[in-house]
Amino acid sequence: MVHFNISLRESHSTRYPYYIMSTSAVTAPRKKRLSEGLTVTQKVFVRSRNGGATKIVREHYLRNDIPCLSKACVKCQDIVVPDAANEFPRFILSESPQVLGQGIGKHYVVLDTNIILLAIDLLENPDCFFDVIVPQIVLDEVRNRSYPVYTRLRTLCRDSDDKKRFIVFHNEFNEHTFVTRKENETINDRNDRAIRKTCEWYASHLAKQGIKIVLVSNDRLNREAVEKTENKENYITKSLYNYVSLLANGDEIKDLIPNVDAADSLEDKDKEDMADFTFPEYYSTARIMGGIKNGVLYQGNIQISEYNFLEATVSLPRFSKPVLIVGQENLNRSFNGDQVVVELLPENEWKAPSSVAIDSEHFDVNDNPDGDDNEEAAHNLHSTLISDKQRRLLARDAIQAQKSKKVQPTARVVAVTRRSWRQYVGQLAPSSVDLKSGGIQNVFVILMDKCLPKIRIRTRRAAELLDKRIVISVDSWPTTHKYPLGHFVRDLGGIETAEAETEALLLEHDVEYRPFSKKVLECLPEEGHNWKAPVDLKDPEANSKDSQLKNRRDLRDKLICSIDPPGCVDIDDALHAKKLPNGNWEVGVHIADVTHFVKAGTALDAEGASRGTSVYLVDKRIDMLPMLLGTDLCSLKPYVDRFAFSVIWELDDNAEIVNVDFTKSVIRSREAFSYEQAQIRIDDNQQQDELTMGMRALLQLSIKLKGKRLAAGALNLASPEVKVHMDSETSDPGEVEIKKLLATNSLVEEFMLLANISVARKIYDAFPQTAMLRRHAAPPATNFEVLNEMLQRRKGMSISLESSKALADSLDRCEDPKDPYFNTLVRIMSTRCMMAAQYFYSGAYSYPDFKHYGLAVDIYTHFTSPIRRYCDVVAHRQLAGAIGYEPLSLVHRDKHKMDMICKNINRKHRNAQFAGRASIEYYVGQVMRNNETTESGYVIKVFNNGIVVLVPKFGVEGLIRLENLTDDVNDAEFDEVEFKLRFKPKNSNKIREIYVFDSVEVQVKSVLDPVTSKRKAELLLK
Ligand SMILES: [Zn+2]
């Protein structure tokens, strides 16, 4: 199914019906009167995959017991009936709602679909929109148009009881408000009429209470239809802009109105002249569908280059390499991550990827936000869209491409089928702000994500917002505008304050960080921190409360301990080892029994599933599950009884598995070690107690496990991981340290891997279609092309991609005797060429594709961290089902639902990693701020106009532009074959040549970029 993006400017005619269950046939109305209400029979056409339609008939019961949910109402309290869960609906709309200006007085709001799609941010704003009625037909339309907005609206309706008071009114099931479609009436018109009917009913229903109904709609025709209604005493309609104008705090809120609406409300005097500047129009739906079917158009997700925002790639299954999209016109208003449809350009326009680095934030800095669309006169399309500067860069590139014959197919975007638009964090571009202007003005917002264009917003608070981090929403990108239009949402606080920057990066990475809701917290055990595991598992009272208790094994006699990073409070794993009489080893891995507390289908479960993972920032942890579980009841703390899920092996001396057993258990950890403490204990020969002996055995076995893993071809990759030490008193970042690894890190890791593998086999065996697994695909050879070319040219080395074993061995051979860091550097660069591992359900791939390339195992899952990863929660439930401990929830046996879970946790996992890195980056910037130093770095990329240098000590990398290397840019030479840049350094007469992999001394400075207000490492070549 292709989803099309619909511009919010389109009005009346674009109202969509249900796209699957379209009520497109004329109905055969009123069948018969039942005791409880009316039945309406509808013929419904269900569109099938091949484009045909099947007719089905569905019956629709109309009811007379659907309440208005107003506390002021005297009638509805008596008619309500309990729902399936035997609960009565709660009356939420206030008795004394907000008063609106112009003599309108107390009112409830009814929202039209276009308002929700346009202004969901505003609806969520705590300072406006109270007592809101969402007709069910509107909710349905929103769901069909935008699932993310639908989810936010549902959350509003569910969680806004006492503050905002949003309700859904089931107009389609109510005999007073249901309308049948008239002959020749479009679905849109019918739905509009249903909304108006709902308003009319409410207005007369609450007339005695003096509460008026205000329909907020930006659809002029719908509003005009209201004006024509005869019986409309208590019932009026307003556009969003006019409604907000009537609020007491309207002036403050006007800035938050989406840009399209503001433009509409400005009438002709201020309206933009939509003339000269135009992007190509998108192709029609029919043309796209036809084109994709005929194989002349292709659909994929667009990825904007991190180094050049005017260049993007789209991976398409038909091509071995991604196709290139170059230049603003061909990108045609697509955003990073959008789902787009592309068309190939003629072969003579194919080219190699750019060897130039360009940042969006420094590009066209002097554009005028007011004149973005109308000042450039009647130039032709090309000269309007491509500046001379761009042209030169493009031309130079084209020549390079011809020389090297490394051409790639290029394409252009002909439609955006799904927007990746969300809220973005940025700051005003100072050059676009007119400080003298007191009124509303157009300004540009530079987004923190440098792959995105700047956004034009209208605001009257420009001066005040100048040094703030702000949140904005994108509303539209008409063909006539060079930059997209958006609106201000809220400000996060001053730039470079820790609070604003932390919140900014959480928002930027879509991390849910609000406190857990009351409904979620209600799912926790009543006893709170006083919860205790039963002393006796056979205790009848405890068994009466927990029918599974008798199936739990008592392992409190085992000498179990945990080994974690220092200061770890969410301990989700613990271990033990014991010599068996036959000379083999009993080894146990014990994982927090999170699913004892988090039951499938509860609000707590839904919240965990939605968050997907905990997020670790330098100074903050955003939990997936409430603290009570994470740091107490589920944390395998020492000296207390805790429920666990245990994997117990019998291993021989060679660490081969003789036997494996899984059981829910109760354990008592004897000690919580840090890696370092564990290492000291193991190394101390004075210690000969049983616990220490067990730890030594674990260490020996783990070394054997690791040896076998590496022999099988597991990869030992690297990333420049650093740790920021915080001053414990001031919470200021102190120093940066590269993470050290001890043998005990490896000890824990090996047994966790073993547990994950054993559990993966078991759950796949039990649930061959829906087992929750994790795979890691082999990297395509093309990913390594550039790195291999660099290695061959510069060092005469190469990385083999024949197998993971071959890759691992060739990485080992990448040694430079003169430079001990070189091998690590190659590993860092190789890591970036690898595919990302992903969660999947077993039915989605065939067995050979389950392979985890990096670990060199045939099957894998995540089981060992259920406190902080949702995959593990699912794996726990599936394992419990597999061993017959308790039946598995249907949700985890349904391919479609498992697919949704996998997609979400993959996305959340990626975002969490990015957020963590961004947090480190920010604090490293703060550390460097006070410590300007000279460090050694490595050249990892050479461009036409600069070099990229990685500084291992801080884990930072930065582009050093040619302008900063030399005074004579035109005299510099770039040799693409040799990966060399040749130039005359500043204040020197001696020519310097820099190659990729060169070790260079750089001055590291932390600077605040005046355009983006982002602090970043500025590197200068010594
Ligand atoms: Zn009522």
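Positions are given from 1 along the sequence. Counting starts at 1 for both ligands and their atoms, following the listed order. This structure is a prediction, so every number in the text was calculated from the model and none was measured. Worth knowing before you read on, the calculation uses all heavy atoms, side chains too, and leaves out hydrogens, waters and symmetry mates.
- Remark: R152 CZ is packed, more than 12 non-hydrogen atoms of other residues, nucleotides or ligands lying under 6.0 Å away.
- Open room surrounds NZ on K208; 12 or fewer heavy atoms of other groups in view lie less than 6.0 Å from it.
- Of all protein N/O/S atoms, those under 2.8 Å from the Zn ion (ligand 1) are C68 SG, C73 SG, C76 SG, H205 NE2, and waters are not counted.
- Put simply, the side chain of R223 never gets that close to the backbone of K238: no donor and acceptor are under 3.5 Å apart.
- Not counting sequence neighbours, the partners of F597 by the ring-ring contact (aromatic ring centres under 6.0 Å, His included) test are W531.
- By the 6.0 Å and 45° rule, R611 stacks over the aromatic ring of F516.
- By the 30° and 60° cut-offs, the orientation of the rings of Y202 relative to H205 is perpendicular.
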